[in-house]
Amino acid sequence: MKNSLSLMIQSIEELESTLREHGVGIKEAASIHYQAARLNTGLIQLLSLYRTQLDNLPLNIDEHYLDDFIDDVVAYNQNHINTRGIDLTIEQEEDLHWYFDQDLVNVLISDVIVNAIRYGKHKLIISAREVNNMLELIIEDDGPGYPDKMLDITKAEISQLDISTGRTGLGLFFARLIAEAHVSDDKKGAIELANGGRLGGGVFALRLP
């Protein structure tokens, strides 16, 4: 299913390019692209959760430069950013590099960005820096912020999630699993949600040792 979805997403991207040349159907194609990407992310999350139950969430830890990593994440979501008219600001320390699983963190950050675009209005800030020997990736939007229930989900177990509602919190649970799987010495990764920040909306922080 995941391979089929990946091929479909590639076809949608090609279709978007053709439609953009003719100036028609751009928003509709972007909406289809968004839904297909969400399905793809969901399948990756389910696979990872299954592997976690087997105590086998594989990590491919390697050194990555944050400017290249952020460029890749933004490029993957560029069509959606353009369609929504989002003013994106990227802030990162020069020559910042870190050790982490690029594929899993890419899925995590992409999911956060998509939600920030969906619930935000016009502005988005992505920042990367080193704080207290931890990599800190922060995404800020100018939307209404996270509901109180979502703020509490970051510490919940999967059995406590309400899958009957629209915003289940499964993505945040998955993000926490990825973060906590990154361990160095006596430190492990973590996520944090807050409201306010520089844009007055939601603030998502990923910290990796």
Side-chain angles (χ1 to χ4, degrees), residues 2 6 37-38 40-49 51-52 55-78 80-81 86-117 120 123-141 146 150-151 153-155 169-199 201-209:
K2 184 176 175 300
S6 296
R38 291 285 289 168
N40 191 54
T41 297
L43 283 173
I44 294 173
Q45 291 174 350
L46 287 173
L47 178 59
S48 298
L49 290 171
R51 287 174 170 170
T52 300
D55 294 321
N56 184 32
L57 179 60
L59 291 182
N60 182 21
I61 303 294
D62 204 350
E63 184 179 24
H64 303 284
Y65 279 86
L66 270 297
D67 54 353
D68 292 334
F69 172 78
I70 293 176
D71 284 347
D72 288 343
V73 175
V74 170
Y76 182 76
N77 295 283
Q78 193 66 61
H80 197 41
I81 292 171
I86 299 296
D87 179 11
L88 173 63
T89 300
I90 299 175
E91 302 173 349
Q92 55 196 21
E93 293 181 5
E94 188 175 356
D95 295 326
L96 179 61
H97 52 94
W98 213 260
Y99 286 86
F100 56 89
D101 185 306
Q102 177 174 282
D103 291 336
L104 287 177
V105 176
N106 191 312
V107 171
L108 187 166
I109 295 299
S110 285
D111 197 40
V112 175
I113 289 174
V114 166
N115 278 295
I117 294 171
K123 296 184 178 181
L124 186 67
I125 300 175
I126 303 174
S127 57
R129 60 184 179 177
E130 180 180 349
V131 180
N132 297 325
N133 295 320
M134 299 278 282
L135 171 64
E136 192 170 80
L137 278 166
I138 298 179
I139 298 171
E140 304 173 65
D141 65 61
Y146 292 102
M150 296 295 289
L151 296 175
I153 282 177
T154 55
K155 298 180 181 178
L170 183 60
L172 291 175
F173 180 81
F174 174 72
R176 195 182 83 197
L177 283 181
I178 293 177
E180 293 180 349
H182 287 77
V183 179
S184 179
D185 297 328
D186 60 341
K187 295 182 179 180
K188 67 178 180 180
I191 64 170
E192 181 181 354
L193 271 63
N195 290 325
R198 289 173 289 175
L199 298 179
V203 180
F204 176 94
L206 169 67
R207 297 183 178 91
L208 299 177

Can you tell me how far [atom2] of [Y] sits from [atom1] of [X], rounded to the nearest 0.5 angstrom?
X: D141; Y: L88; atom1: CG; atom2: CG; result: 12.0 Å
X: N77; Y: I117; atom1: CG; atom2: CD1; result: 5.5 Å
X: I138; Y: I125; atom1: CD1; atom2: CD1; result: 10.0 Å
X: L208; Y: N133; atom1: CG; atom2: CG; result: 13.5 Å

Give me the atom names and distance for the closest heavy-atom approach of [X] to [Y].
X: P209; Y: M134; result: CA-SD, 3.4 Å
X: N195; Y: G202; result: OD1-CA, 3.9 Å
X: D101; Y: L104; result: OD1-N, 3.0 Å
X: K123; Y: I86; result: C-CG2, 4.3 Å
X: A175; Y: F204; result: CB-CZ, 4.3 Å
X: I70; Y: Q92; result: CD1-OE1, 3.2 Å

> Quick check: are there more than 12 heavy atoms from other residues, nucleotides or ligands sitting under 6.0 Å from CG of N132?
Replying inline: no

Are [X] and [Y] side-chain neighbours, meaning at least one heavy-atom pair lies under 4.5 Å?
X: E136; Y: E130; value: no
X: V107; Y: D103; value: no
X: I113; Y: V73; value: yes
X: V203; Y: L193; value: no

> Taking it one step at a time, do Q102 and N60 satisfy side chain to side chain contact (heavy atoms under 4.5 Å, CB included)?
Replying inline: CA-CA 8 Å; Q102 177 174 282; N60 182 21; over 6 Å; no

>> For H64, run the ring pair (Phe, Tyr, Trp, His ring centres under 6.0 Å) check against F100, F69, W98 and tell me which one passes.
In response: F100

> Can you list the residues that meet the side-chain hydrogen bond (donor to acceptor under 3.5 Å, both in side chains) rule with E93, with sequence neighbours excluded?
Replying inline: none

> Step by step, would you call I109 with I139 a side chain to side chain contact (heavy atoms under 4.5 Å, CB included)?
Replying inline: CA-CA 8 Å; I109 295 299; I139 298 171; 3.8 Å; yes

>> Can you tell me which residue among L96, I90, D95, D71 is in a side chain to side chain contact (heavy atoms under 4.5 Å, CB included) with L66?
In response: L96

> Please walk me through it: do L137 and S127 pass side chain to side chain contact (heavy atoms under 4.5 Å, CB included)?
Replying inline: CA-CA 6 Å; L137 278 166; S127 57; over 6 Å; no

> So H182 and I178, side chain to side chain contact (heavy atoms under 4.5 Å, CB included) or not? Walk me through it.
Replying inline: CA-CA 7 Å; H182 287 77; I178 293 177; 4.0 Å; yes

>> Could you walk me through whether E91 and R198 satisfy the salt bridge (charged side-chain N to carboxylate O under 4.0 Å, His left out) test, starting with their C-alpha distance in whole Å, then the side-chain angles of each, then the deciding distance to 0.1 Å, before giving a yes or no?
In response: CA-CA 13 Å; E91 302 173 349; R198 289 173 289 175; 3.0 Å; yes

